[in-house]
Colleague: 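If you scroll down you'll find the structure; I have some questions about it.
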Amino acid sequence: MLRNKTVAVVVPAYNEESQIQMVLSTMPSFVDRIIVINDNSNDKTEEVVKQYILTENESTSTKLEKSSDKIKSNQFNRADRVVQDLYEEEVKDLTPFEIVAGNIYEDRIVLINHKVNAGKGAGIVTGYKVSRDLGIDCVATMDGDGQMDPDELESICLPIIEDNIDYVKGNRLIHRSALLVIPKVRYIGNSILSILTKLASGYWRVSDSQTGYTAIGNKALNSIRIHEIYKKYGYPNDVLVKLNIAMCSIKEVEIKPVYDVGEKSKMKIWKIIPTLSWLLFKSFFKRLWLKYFFRDFHPLFLLYNLSFLLGFGTIAYGIKIVNYWLVGTVINPLTILAFSFLCISGFQSLLFAMWMDMQDNERLYK
């Protein structure tokens, strides 16, 4: 426990037979549960974890119980019962899994196997589901490849435990060694995705969107539909959008970039960028409509949509002007005037909408 609060660490692992033991052996002593999610690896990841549990696992003094007893019906708690029914129904949308080593209620280390390979995000979802059902106060995530310094886990968890922050992300890009240690392609790709994530999520001050070194509080974990989290590498971006819609506070903590510790990257950044860009595009409009129209109407909703309409008009007039120019036709001054008006007005509307978005979400960044 950390400051008398329970802490769990979800460790998604896929083909990490050479790294996973190092991750488990260096885990800080204050961690109550280490939940390893083996995403149907085709190497010896399962055997390595099982052997480690057999020789090193111990019963923890922190006994846990499932926190989902059936709510007794009365005239005032229908909303609570609907939420509980949702939790029970969401199992159908989770990746099929089974606990193959360790006792989730008593042992410190537990191994859970996915029956199919579903992606890194799916592993996080399974770990979140188990941790939420156990009522864990703070749930951190650390990859199974050893690229996260366990000595920094306390600084990741403390804002949640002491300051009631909902979500904490590690930030490698603000470390002074970032440009020297992080591979250039990854640094550029991460920066591009971080810019897109700012716009999509509303957390405009988040600058390292792709790190998986995070921690989430129990309240935030119950505020989002974890079974709908994106199952692949885009899960950190999707989580941010869902947290913003739920009005959850966020904080970034400086962490070291860790590379060349024996890990083998499975992520192809230039293949992921188009997929994640489309995910973020859809997520932006989902946030815009849910948060700023249906839940609490805000003028930025109108400004964003006005800028898009004016942008379409600008494109239409731009194409018209180019066609006139190509065929040598004299361009009507009114056409040029209309193009200029639409372009300037659309750009101003977009800037004002983004400014309002930043101001409204500033209260969520701690």
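Residues take their numbers from the sequence shown, with the count starting at 1.
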Colleague: Using the rule that Ile, Leu, Val, Met, Phe, Trp and Tyr join whenever any side-chain heavy atoms are under 4.5 Å apart, tell me whether Leu279 and Leu199 fall into a single cluster.
Modeller: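 Different clusters: Leu279 never reaches Leu199 through Ile, Leu, Val, Met, Phe, Trp or Tyr contacts under 4.5 Å.
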Colleague: Will you find, in the side chains of Glu252 and Tyr365, an N or O donor that is under 3.5 Å from an N or O acceptor?
Modeller: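 Side-chain D/A pair, Glu252 to Tyr365: present.
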Colleague: Taking the side chain as every heavy atom from C-beta outward, state whether Val239 and Tyr230 have any atom pair closer than 4.5 Å.
Modeller: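 When only atoms from C-beta onward are counted, Tyr230 and Val239 do not touch, as no gap falls below 4.5 Å.
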Colleague: Is the distance between the ring centroids of Phe281 and Trp278 under 6.0 Å?
Modeller: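 Here the rings of Trp278 and Phe281 have centres that are less than 6.0 Å from each other.
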Colleague: For the hydrophobic clusters of this structure (ILVMFWY residues joined by side-chain heavy atoms under 4.5 Å, transitively), does one cluster hold both Tyr233 and Ile188?
Modeller: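 Yes.
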Colleague: Does Lys44 form a salt bridge (charged side-chain N to carboxylate O under 4.0 Å, His left out) with Glu47? I'd like the steps, not just the answer.
Modeller: CA-CA 5 Å; Lys44 296 182 179 180; Glu47 289 78 2; over 6 Å; no
Colleague: Between Asn332 and Lys320, does a side-chain hydrogen bond (donor to acceptor under 3.5 Å, both in side chains) hold up when you go through it step by step?
Modeller: CA-CA 11 Å; Asn332 190 322; Lys320 187 176 182 180; over 6 Å; no
Colleague: Side-chain contact, heavy-atom cut-off 4.5 Å: Lys286 with Val241?
Modeller: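 Of all side-chain heavy-atom pairs linking Val241 with Lys286, none is under 4.5 Å.
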Colleague: Measure from the side-chain N and O atoms of Asn190 to the backbone N and O of Arg186, and report whether any donor-acceptor pair falls under 3.5 Å.
Modeller: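 Pair absent, no side-chain N/O of Asn190 close to backbone of Arg186.
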Colleague: Counting distance only, does the side-chain N/O of Lys169 pair as donor-acceptor with the main-chain N or O of Val206 below 3.5 Å?
Modeller: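 The answer is no, because no donor-acceptor pair under 3.5 Å joins these two groups.
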Colleague: Looking just at side-chain N and O atoms, do Thr214 and Thr141 make a donor-acceptor pair shorter than 3.5 Å?
Modeller: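 The answer is yes; a qualifying pair exists.
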Colleague: Sub-3.5 Å donor-acceptor pair from the side chain of Asp143 to the main-chain atoms of Gly212, do we have one?
Modeller: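 No.
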Colleague: Does any part of the side chain of Ile112, heavy atoms only, come nearer than 4.5 Å to the side chain of Val100, both counted from C-beta?
Modeller: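 No - every pair of side-chain heavy atoms lies 4.5 Å or more apart.
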Colleague: Mind checking the CD1-CZ spacing from Ile226 to Arg132? Nearest 0.5 Å is all I need.
Modeller: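 So the gap between those two atoms works out to 4.0 Å.
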Colleague: With clusters defined by side-chain heavy atoms of hydrophobic residues (ILVMFWY) lying less than 4.5 Å apart, directly or transitively, does Ile229 cluster with Leu240?
Modeller: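 Same cluster.
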Colleague: First locate atom SG of Cys138, then atom CG of Leu221, and finally report the distance between them rounded to the nearest 0.5 Å.
Modeller: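 Between atom SG of Cys138 and atom CG of Leu221 there are 10.5 Å.
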Colleague: Starting at CZ of Arg287, measure out to CG of Leu243 and round the result to the nearest 0.5 Å.
Modeller: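 Here the rounded value is 12.5 Å.
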Colleague: With no hydrogens and no angle check, do the side chains of Ser209 and Ser194 hold a donor and an acceptor under 3.5 Å apart?
Modeller: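 Distance-only check passes for Ser209 and Ser194.
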Colleague: When you compare the side chains of Asp32 and Thr6, does any donor N or O come within less than 3.5 Å of an acceptor on the partner?
Modeller: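 The criterion, which ignores hydrogens and geometry beyond distance, is not satisfied for Thr6 and Asp32.
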Colleague: Out of Leu300, Leu288, Leu310, which residue meets the side-chain contact (heavy atoms from CB on, under 4.5 Å) rule with Asn305?
Modeller: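 Among the candidates, only Leu288 passes.
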Colleague: When you check the side-chain N and O atoms of Ser249 and Asp166, is any donor under 3.5 Å from an acceptor?
Modeller: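 Yes, a side-chain donor-acceptor pair sits under 3.5 Å.
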Colleague: Is it true that a side-chain atom of Lys198 and a backbone atom of Trp204 form a donor plus acceptor pair closer than 3.5 Å?
Modeller: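 Here the side-chain-to-backbone pair exists.
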Colleague: State whether a side-chain donor-acceptor pair under 3.5 Å links Asn218 with Asp137.
Modeller: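 Per modelled atom types, Asn218 and Asp137 side chains form no pair under 3.5 Å.
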Colleague: Does the side chain of Ile174 come within less than 4.5 Å of Ser207's, by heavy atoms?
Modeller: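 Ser207 reaches Ile174 side chain to side chain.
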Colleague: Checking the side chain of Ser307 only, and the main-chain atoms of Ser349 only, is there a donor and an acceptor separated by less than 3.5 Å?
Modeller: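 Flag not set: sc Ser307 to bb Ser349 has no pair under 3.5 Å.
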Colleague: Got a donor-acceptor contact below 3.5 angstrom from the Ser155 side chain to the Glu152 backbone?
Modeller: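 Yes; judged by distance alone, with no hydrogens or angles, the pair exists.
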Colleague: Quick one: pull up CD1 in Ile336 and OG in Ser340 and give me the separation to the nearest 0.5 Å.
Modeller: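 Between Ile336 CD1 and Ser340 OG, I get 7.5 Å after rounding to 0.5 Å.
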Colleague: Can Asn38 and Glu16 be counted as having a side-chain donor-acceptor contact under 3.5 angstrom?
Modeller: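 No - no donor-acceptor pair under 3.5 Å links their side chains.
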Colleague: Do Leu351 and Trp355 have side chains that approach each other closer than 4.5 Å (heavy atoms only, starting at C-beta)?
Modeller: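 Leu351 does not reach Trp355 side chain to side chain.
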Colleague: Can Met27 be reached from Leu158 by stepping across I, L, V, M, F, W or Y side chains whose heavy atoms are under 4.5 Å apart?
Modeller: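 Looking at the clustering, Met27 is in the same group as Leu158.
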Colleague: Cut-off 3.5 Å, side chains only: do Asn171 and Thr211 have a donor facing an acceptor?
Modeller: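 The answer is no; no qualifying pair exists.
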Colleague: Any donor-acceptor pair under 3.5 Å linking the side chain of Lys184 with the backbone of Leu179?
Modeller: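 Yes.
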Colleague: Please evaluate residues Glu90 and Lys129 with respect to the criterion salt bridge (charged side-chain N to carboxylate O under 4.0 Å, His left out), reporting the C-alpha separation (whole Å), side-chain torsions for both, the decisive distance (0.1 Å), and the verdict.
Modeller: CA-CA 10 Å; Glu90 73 183 6; Lys129 161 69 176 173; 3.7 Å; yes
Colleague: Are Val110 and Ile99 close enough that some pair of their side-chain heavy atoms sits under 4.5 Å apart?
Modeller: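 Side chain of Val110 against side chain of Ile99, heavy atoms only: contact under 4.5 Å found.
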Colleague: Testing Trp289, Phe285, Tyr292 for ring-ring contact (aromatic ring centres under 6.0 Å, His included) with Phe301, which one passes?
Modeller: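 Among the candidates, only Trp289 passes.
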Colleague: Please check if the side chain of Arg33 supplies one atom and the backbone of Ile104 the other of a donor-acceptor pair under 3.5 Å.
Modeller: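 Between the backbone of Ile104 and the side chain of Arg33 there is a qualifying donor-acceptor contact (under 3.5 Å).
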Colleague: Would you call Pro236 and Tyr213 a side-chain contact if the rule is heavy atoms closer than 4.5 Å?
Modeller: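 Answer no - side chains too far apart.
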Colleague: Regarding Asn40 and Lys115, is there a side-chain donor-to-acceptor distance under 3.5 Å anywhere?
Modeller: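 No.
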Colleague: So do the side chains of Arg172 and Lys256 get within less than 4.5 Å of each other, counting heavy atoms only?
Modeller: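 Heavy-atom side-chain distance check fails, nothing below 4.5 Å.
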Colleague: Quick one: do Ile35 and Tyr105 end up in the same hydrophobic cluster if we chain Ile, Leu, Val, Met, Phe, Trp and Tyr together by side-chain heavy atoms under 4.5 Å apart?
Modeller: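 Looking at the clustering, Tyr105 is in the same group as Ile35.
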Colleague: Main chain of Ser41, side chain of Thr45: is a donor-acceptor contact present, judged purely on distance under 3.5 Å?
Modeller: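 Checked: no pair found.
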Colleague: To the nearest 0.5 angstrom, please state how far the OH atom of Tyr317 sits from the CG atom of Leu334.
Modeller: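 CG of Leu334 is found 9.0 Å from OH of Tyr317.
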Colleague: Are the side chain of Asn113 and the backbone of Glu98 linked by a donor-acceptor contact shorter than 3.5 Å?
Modeller: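 Answer holds: no.
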